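For reference, the structure is listed below as structure tokens.
This is a predicted model, so every value here is computed, not measured. A, B, ... follow the sequence lines: proteins, then strands. Residue 1 opens every chain.
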Amino acid sequence: MLKIIIPTIMLIPLTWMSKPNMIWINTTTYGLLISLISLFYLNQPNDNTLNSSLMFFSDSLSAPLLALTTWLLPLMLMASQHHLSKEPLTRKKLYISMLILLQLFLIMTFTASELIFFYILFEATLIPTLIIITRWGSQTERLNAGLYFLFYTLMGSLPLLVALLYIHNFMGSLNFLMIQYWIQPLPNSWSNIFLWLACMMAFMVKMPLYGLHLWLPKAHVEAPIAGSMVLAAVLLKLGGYGMMRITTLLNPLTNFMAYPFMMLSLWGMIMTSSICLRQTDLKSLIAYSSVSHMALVIVAVLIQTPWSYMGATALMIAHGLTSSMLFCLANSNYERIHSRTMILARGLQTLLPLMAAWWLLASLTNLALPPTINLIGELFVVMSSFSWSNITIILMGINIIITALYSLYMLITTQRGKYSHHIKNIKPSFTRENALMTLHLLPLLLLSLNPKIILGPIY
Amino acid sequence: MNMFSSCMITALVILTLPIIMSSTKLYKNKLYPYYVKTATSYAFMISMIPTMMFIYSGQEMIISNWHWMTIQTTKLSMSFKLDYFSMIFVPVALFVTWSIMEFSMWYMHSDPYINRFFKYLLLFLITMMVLVTANNMFQLFIGWEGVGIMSFLLIGWWYGRTDANTAALQAVLYNRIGDVGFIMAMAWFQLNLNTWDLQQIFITTNDNFNLPLLGLLLAATGKSAQFGLHPWLPSAMEGPTPVSALLHSSTMVVAGVFLLIRFHPLMEHNQTIQTLTLCLGAITTLLTAICALTQNDIKKIVAFSTSSQLGLMMVTIGINQPYLAFLHICTHAFFKAMLFMCSGSIIHSLNDEQDIRKMGGLFKVLPFTTTSLIIGSLALTGMPFLTGFYSKDLIIESANTSNTNAWALLITLVATSLTAAYSTRIMFFALLGQPRFSPMILINENNPLLINSIKRLLIGSVFAGYIISHSITPTTIPQMTMPHYLKMTALAVTILGFILALELNLTTQGLKFNYPSNYFKFSSLLGYYPTIMHRLTPKTSLTISQKSASMLLDSIWLENILPKSISYFQMKSSTLISNQKGLIKLYFLSFMLTMILSLLILNYHG
């Protein structure tokens, strides 16, 4: 694992020592090279894990998320170039360093084999994200958003620390790999219920569960583009990843503790997607659509069947790439129109036809068009929830319909219709932007050819 | 490996060539539409070889090649099913598409993005082929969704127009409602039968197929615009006419019926679903026929008649005659596509005038289109020995002699009669009488692209029914004997419809209602269905999402319960408990006092 971690650390000196005109290109290139290394981990030759050391390991669940993380850094760098072009050099470098630091923490989080190490890194990712949101966000509300972001996640995850200390006390170890063989079924008692809640709430807030999701739209809307991208693509997946890891310790309590959270998620996914129907703010729409998609992941993880785990993993990866791409598109609109309001960007297809093609493809992947991996994820989740209870198909069905509706509503409002006069003199789309969209879309399409590598552990 | 599979694959691969070509320089070429059209025609001709072989020897085949993935015990691979249905449907669809592509070279010639239009048409055709030839449900779903999305793009082709965008969104929405049924059926099959392969589904037995079949019925309702989910089909007429000719006559809209035909082995012993299908089809065919009666837009009339015919196909499935329904799909493709193309020809010649009240007397200026339109309409009504006769007459006969729901059958008969009535109306208003269009228009239909494409389908509309029904082997036993009057019913009601409509149309020349009757309102407002469903439902759901989901829950309750209330209580309690009031003097005084006190005490102690 050091062969990813050390190059990532070395990206920071690279940033600070590069010539002013080379900072973007250098970091992007090296970031891409690092992401190539991470692709090797996708090849998991057997059912066991790849143990790199006592501290780090990767298995078929963490490898796709690791690859996603490393893949996203160069994309974030590409996306933020224009947004930072007016900033002084030191601040640019600081920004890049923050992104690299975040990447470093994320890599280590996904590969940590000790739960307490995982916890520390999980919390550590908050710091660079907070700095990115509150320092480089564009409006004053960013401070409020940062506050929400920090306190929701902190409040959620502090009980986890207590729970982890307790578990360490009676298990003697917090190693993922050993603990799953040592764990005894938890007896049903009040204290164990609180243990369950303490363990799960941290990740539920991160996902976010409906009801605890308020920080997400605010953080997404106020964050600069790279912040939104990494939040949607990777940080939310920390929650899913953590839930999938920690539920092994919590059996059989999950069987009945899951009910209220399942209900909340099923209800929440419809609520959030119907909120999307009424959004006028492009970024907020994408943020709420993330909440709705993540509710599916929560449902899938709580059902705890092989199919649902596969669906959850696939959906996490698919959503990571799709929502990140949507944020990039929203940002490219924002850089031209200088507003996030959708109606102001209408009729853009006439002016930027290639961008309209990216919009179309992004919307189609967002609404899970077959045979993209989004569909595979959603289909597996729908199937496992159908097997859990037949009635859920009604809720899932409503969600599928609304998802399609708001995706196409977003597409039609921003791209179709007659263009308005104030957008007549906008800049054409840059090669950088088109390359950015391609780099998002290419993995999505290629993974559709062989979805098996992102399905997580295939039992 | 013989000619059968290789020819079929060749035909499918040829279709993808222009798509691959679109990433090269040739895409910029003006000849691109021509390439696409030629590719389609080649694909048609090549696909005829395996079809001939199928007709000759009854050979069926399953091609299973690329292994996509295996999840636990479910193997998913790309596999094609070349059986009765796909072997007959593929050449028909390719033939119709070939003509439509030639037609759109004429119709769309002034469009700056004509190349892209052709690429979309071709992509649509490919997804349709995937749908028809799919051997497992996942592949079927790829085609199914692909068709839906391509219809979104094609209906919304003129994306500057709000109506076109709305219609496109509407099509996707109604189709999506159907997709939920499809997904439910997929989930059920995976859960209970552990497979998505069609053969495996058919050989596995289960006591109760009600749930998945309901799902499939819902899917078919969405795709084939059956009652409840029907309004998208007439709205989709906002798209260019070639799109309507391709999607909304012969390919996409029959996909739902096709799905039910595919899953017929499960349906044939399930009375509940059959009755449901029968009633659904009957209601659709009557309602849409009634709606067609009073429309003035020529494309809308044809669209409603398509909807009505789709209802008829559903009725046929409901009376357990899937092969007959399939035959009707094939014959219907020819004359309905031609009717759309004829109306396209009229619309284009009259400078985009779609209102039949502003036409009239076209038989003099557009003789060829008039001929084709009349033949198409007659074929649609089931005039003996034209194409429609061979399927429609059989359907009505077997419906009349079956002993299922009598009301449904009666309704179907009424709808059949109405078919003749609205066909007469088109002919009467658009073609006959005095011209009512602007005299300044230069009308010329003598374009080989137009003439040839319509001519090809015209020949199809006259002979295809005979050829198809005579060359394929009968699979279900047709009704051998029946009373004289039942045999004649179909013809009788059609002639009745003709005569009544003609009389009514003639009276319209002299008489005029002072105010429209309620029946007229019902028909012209499409049974009040769009008024209710397109206003009430979106309004309610959007209001709920705004008021309760967004404002009440997200902005007020969730905000207040957690962050706001916490900060409020912290603030209140800190101000309440704390004695820090900013009284600097007092604080310093207390400091001084404690200092002095401590000094004194310490001193004393020392």
Pick one of side chain, backbone, both or neither for [X], based on which atoms fall under 4.5 Å of a heavy atom in chain B.
{"X": "A:Ile376", "answer": "side chain"}
{"X": "A:Ile394", "answer": "neither"}
{"X": "A:Ala368", "answer": "backbone"}
{"X": "A:Tyr419", "answer": "neither"}
{"X": "A:Ser448", "answer": "backbone"}
{"X": "A:Leu364", "answer": "side chain"}
{"X": "A:Leu411", "answer": "side chain"}
{"X": "A:Leu147", "answer": "neither"}
{"X": "A:Ser273", "answer": "neither"}

- Task: For chain B, find which of A:Gln349, A:Met155, A:Gln279, A:Glu378 contributes the most heavy-atom pairs closer than 4.5 angstrom.
- Result: A:Gln349
- Item | Residue, of A:Leu360, A:Thr272, A:Leu379, that accumulates the most heavy atom pairs under 4.5 Å with chain B |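 With the most close heavy-atom pairs to chain B, the winner is A:Leu379.
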What residue in [options] has the most heavy-atom pairs under 4.5 Å with chain A?
{"options": "B:Trp144, B:Trp66, B:Trp557, B:Trp158", "value": "B:Trp66"}
{"options": "B:Thr162, B:Ile71, B:Val172, B:Ile183", "value": "B:Ile71"}
{"options": "B:Gln546, B:Arg161, B:Glu145", "value": "B:Gln546"}
{"options": "B:Leu173, B:Asp179, B:Ile566", "value": "B:Leu173"}
{"options": "B:Ser545, B:Gly146, B:Gly156", "value": "B:Ser545"}

Would you say [X] and [Y] make side-chain contact, with heavy atoms under 4.5 Å?
{"X": "B:Trp196", "Y": "B:Phe141", "answer": "no"}
{"X": "A:Ile270", "Y": "A:Leu395", "answer": "yes"}
{"X": "B:Phe152", "Y": "A:Leu408", "answer": "yes"}
{"X": "A:Ser385", "Y": "A:Ile303", "answer": "yes"}

What pair of heavy atoms forms the shortest contact from [X] to [Y], and how long is it?
{"X": "A:Ala287", "Y": "A:Leu216", "result": "O-CD2, 3.6 Å"}
{"X": "A:Lys418", "Y": "A:Arg346", "result": "O-CG, 3.7 Å"}
{"X": "A:Ile423", "Y": "A:Leu351", "result": "O-CD1, 3.3 Å"}

Please look at [X] and chain A and tell me whether the side chain, the backbone, both or neither of the residue comes under 4.5 angstrom of a heavy atom of that chain.
{"X": "B:Met551", "answer": "neither"}
{"X": "B:Ile142", "answer": "both"}
{"X": "B:Leu191", "answer": "side chain"}
{"X": "B:Thr74", "answer": "side chain"}
{"X": "B:Ile561", "answer": "neither"}

Will you find, in the side chains of [X] and [Y], an N or O donor that is under 3.5 Å from an N or O acceptor?
{"X": "B:Glu559", "Y": "A:Tyr148", "result": "yes"}
{"X": "A:Ser389", "Y": "A:Thr392", "result": "no"}
{"X": "A:Ser60", "Y": "A:Gln44", "result": "no"}
{"X": "B:Asn175", "Y": "B:Trp232", "result": "no"}

- Side-chain donor/acceptor of B:Trp68 to backbone N/O of A:Leu449, under 3.5 Å: yes
Side chains of residues 206-215 of chain A: which donor-acceptor partners sit under 3.5 Å, not counting sequence neighbours?
unit_1	atom_1	unit_2	atom_2	d
A:His213	ND1	A:Gly211	N	3.0
A:His213	NE2	B:Asp554	OD1	3.1
A:His213	NE2	B:Asp554	OD2	3.0
A:Trp215	NE1	A:Val205	O	3.1
A:Trp215	NE1	A:Leu212	O	3.4

